[in-house]
Amino acid sequence: IIHAEGATVWEHVKTVIQQIDSLDVSDEVKKDLRLTMLYHDIGKVEVGSSAENTARTKKHLEKGELHTSMVGHAEARADEMRAGLTSAGAEGRRLEQLMTVIKYHMNTSIPEQDPKKTVKLVQSFGETDEERNEVVNLLAMALYVDGNGTHHAELKDGELKITKNEKKLGLTGEVIWHKYQEGLKLIQAEQEAAQKKKEQEDFIV
């Protein structure tokens with residue numbers, strides 16, 4: 001049984017941080033991402049041996065998936081994550097953005113979920129679309145390097161297969177933002193339909 005993204009959490013974290021150097025972004029953004037990914041998995045120390053994850057790991061093994069379950073790690077030890085980022089110089093709005101990236105770095109269901117749910121999620125990222133887009137792009141980059149630093153191991157038909165986290169690799173900023181815009185249009189259409197219905201009912205009365 002191995003850690004889901006490598007032999008140990010630390011080996012995974014080092015691999016992920018190395019991936020950041022290849023990104024086509026500013027040095028400032030790279031620094032923020034390195035800090036974020038340094039702390040993003042420390043919650044695994046707390047949740048790895050929980051009853052829920054122990055049971056999930058057993059089920060994984062029965063299906064030939066050779067990795068430990070770490071459900072809930074993105075929010076466990078959040079105070080320590082925040083303290084680490086703060087001590088490294090992150091503050092104010094930027095600190096909150098980095099904490100948001102850590103909180104949602106396991107959210108890979110965005111392309112399949114209800115677009116209105118994506119609206120609610122993205123609108124929690126900031127007060128304006130500019131701020132929200134900034135977080136969306138940070139999250140997408142974090143998902144990319146995290147997914148590229150993944151080594152899922154499983155037995156299929158008697159053969160050991162190692163794969164990347166394809167869901168994270170495919171979840172780009174454009175994909176997330178498109179889903180957000182799709183949700184906004186859906187909400188607007190529903191509001192206009194509701195308003196039209198109300199006007200018709202008022203006219204009849």
Side-chain angles (χ1 to χ4, degrees), residues 1-20 33-88 95-114 117-118 120-122 124-125 135 138-171 175-176:
I1 306 174
I2 64 171
H3 172 249
E5 287 96 6
T8 65
V9 175
W10 179 229
E11 287 300 318
H12 164 62
V13 168
K14 286 190 292 185
T15 301
V16 168
I17 290 175
Q18 289 169 357
Q19 300 285 333
I20 294 171
L33 280 171
R34 289 189 190 101
L35 285 173
T36 304
M37 303 318 287
L38 176 63
Y39 291 104
H40 81 289
D41 274 349
I42 65 172
K44 290 181 175 178
V45 177
E46 180 175 321
V47 306
S49 59
S50 70
E52 178 186 2
N53 281 313
T54 299
R56 284 175 176 265
T57 296
K58 183 178 179 180
K59 289 182 179 180
H60 289 165
L61 289 173
E62 291 170 353
K63 294 187 294 183
E65 300 172 9
L66 311 181
H67 63 84
T68 53
S69 175
M70 295 288 184
V71 172
H73 77 271
E75 296 186 70
R77 298 204 172 188
D79 289 345
E80 292 178 31
M81 297 176 193
R82 181 178 293 274
L85 292 171
T86 301
S87 67
L95 171 61
E96 298 310 317
Q97 289 179 326
L98 301 187
M99 287 297 296
T100 297
V101 170
I102 293 176
K103 181 178 180 179
Y104 293 107
H105 82 273
M106 294 301 294
N107 191 342
T108 58
S109 62
I110 293 174
E112 296 86 24
Q113 71 184 17
D114 184 336
K117 188 175 180 180
T118 301
K120 184 177 180 180
L121 173 66
V122 173
S124 73
F125 290 174
V135 176
L138 277 172
L139 177 59
M141 286 184 280
L143 289 167
Y144 174 79
V145 295
D146 200 25
N148 214 32
T150 295
H151 297 86
H152 281 303
E154 60 182 322
L155 288 170
K156 279 192 175 180
D157 301 323
E159 293 186 10
L160 182 64
K161 295 190 176 181
I162 309 294
T163 58
K164 301 289 186 182
N165 190 322
E166 298 299 332
K167 279 193 171 183
K168 286 188 176 181
L169 292 177
L171 201 52
V175 168
I176 299 173

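In what follows, residues are counted from 1 in the order of the sequence shown. Just so we're clear, the structure is a prediction, and the values are computed from it rather than from any experiment.
Across all non-hydrogen atoms, the minimal contact from Leu38 to Ile42 is O-CG2, 4.4 Å. Considering every non-hydrogen atom in both Thr54 and Ser49, the closest pair reads OG1-O, 3.6 Å. Of all heavy-atom pairs between Ala142 and Val101, the closest is CB-CG1, 3.5 Å. Leu98 and Thr36 get closest at one heavy-atom pair: CD2-OG1, 3.4 Å. Between Gly170 and Val175 the shortest heavy-atom distance is O-CG2, 3.8 Å.
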message = Determine whether Lys14 and Glu11 satisfy the following criterion, salt bridge (charged side-chain N to carboxylate O under 4.0 Å, His left out), listing intermediate values before the conclusion.
response = CA-CA 5 Å; Lys14 286 190 292 185; Glu11 287 300 318; 3.2 Å; yes
For this session: Applying salt bridge (charged side-chain N to carboxylate O under 4.0 Å, His left out), run through Arg82 and Glu96 and close with a yes or a no.
Result: CA-CA 9 Å; Arg82 181 178 293 274; Glu96 298 310 317; 2.7 Å; yes
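The OG1 atom of Thr150 lies 9.5 Å from the CD atom of Glu166; values are rounded to the nearest 0.5 Å. For the atom pair OG1 of Thr57 and CD of Glu52, the computed distance is 10.0 Å after rounding to the nearest 0.5 Å. To the nearest 0.5 Å, the span separating OH on Tyr39 from CG on Leu85 amounts to 6.5 Å. Between atom CG of residue Leu33 and atom CG of residue Asp146 there is a gap of 11.5 Å, rounded to the nearest 0.5 Å. We find the CG-CG distance between Leu138 and Leu143 to be 11.0 Å, quoted to the nearest 0.5 Å. Between the CD atom of Glu154 and the CD1 atom of Ile162 there is a distance of 9.0 Å, given to the nearest 0.5 Å.
The number of heavy atoms from other shown groups lying within 6.0 Å of NZ (Lys58) does not exceed 12.
Just one residue in the list Val145, Val16, Ile17 forms a side-chain contact (heavy atoms from CB on, under 4.5 Å) with Arg34, and that residue is Ile17. No option in Met70, Met81, His73 other than His73 meets the side-chain contact (heavy atoms from CB on, under 4.5 Å) test with Asp41.
The shortest side-chain heavy-atom distance between Thr86 and Leu95 falls under the 4.5 Å cut-off. Residues Asn53 and Thr68 form no side-chain contact, since every pair of their non-hydrogen atoms from C-beta on lies 4.5 Å or further apart. In this structure, Lys168 and Met106 have side chains that are in contact, with non-hydrogen atoms separated by less than 4.5 Å. Residues Phe125 and Leu139 are in side-chain contact: their nearest non-hydrogen atoms beyond the backbone lie under 4.5 Å apart. For the pair Val71 and Val47, the minimum side-chain heavy-atom distance is 4.5 Å or more.
Ring planes of His105 and His40: perpendicular class, angle over 60° (limits at 30 and 60°).
Panel note: side chain His12, backbone Gly149; a donor-acceptor pair is recorded below 3.5 Å.
Counting only residues at least two apart or in different chains, salt bridge (charged side-chain N to carboxylate O under 4.0 Å, His left out) contacts with residues 103-113 are absent.
Leu155 is linked by a side-chain contact (heavy atoms from CB on, under 4.5 Å) to Leu66, Leu160, counting only residues two or more places apart in sequence or in another chain.
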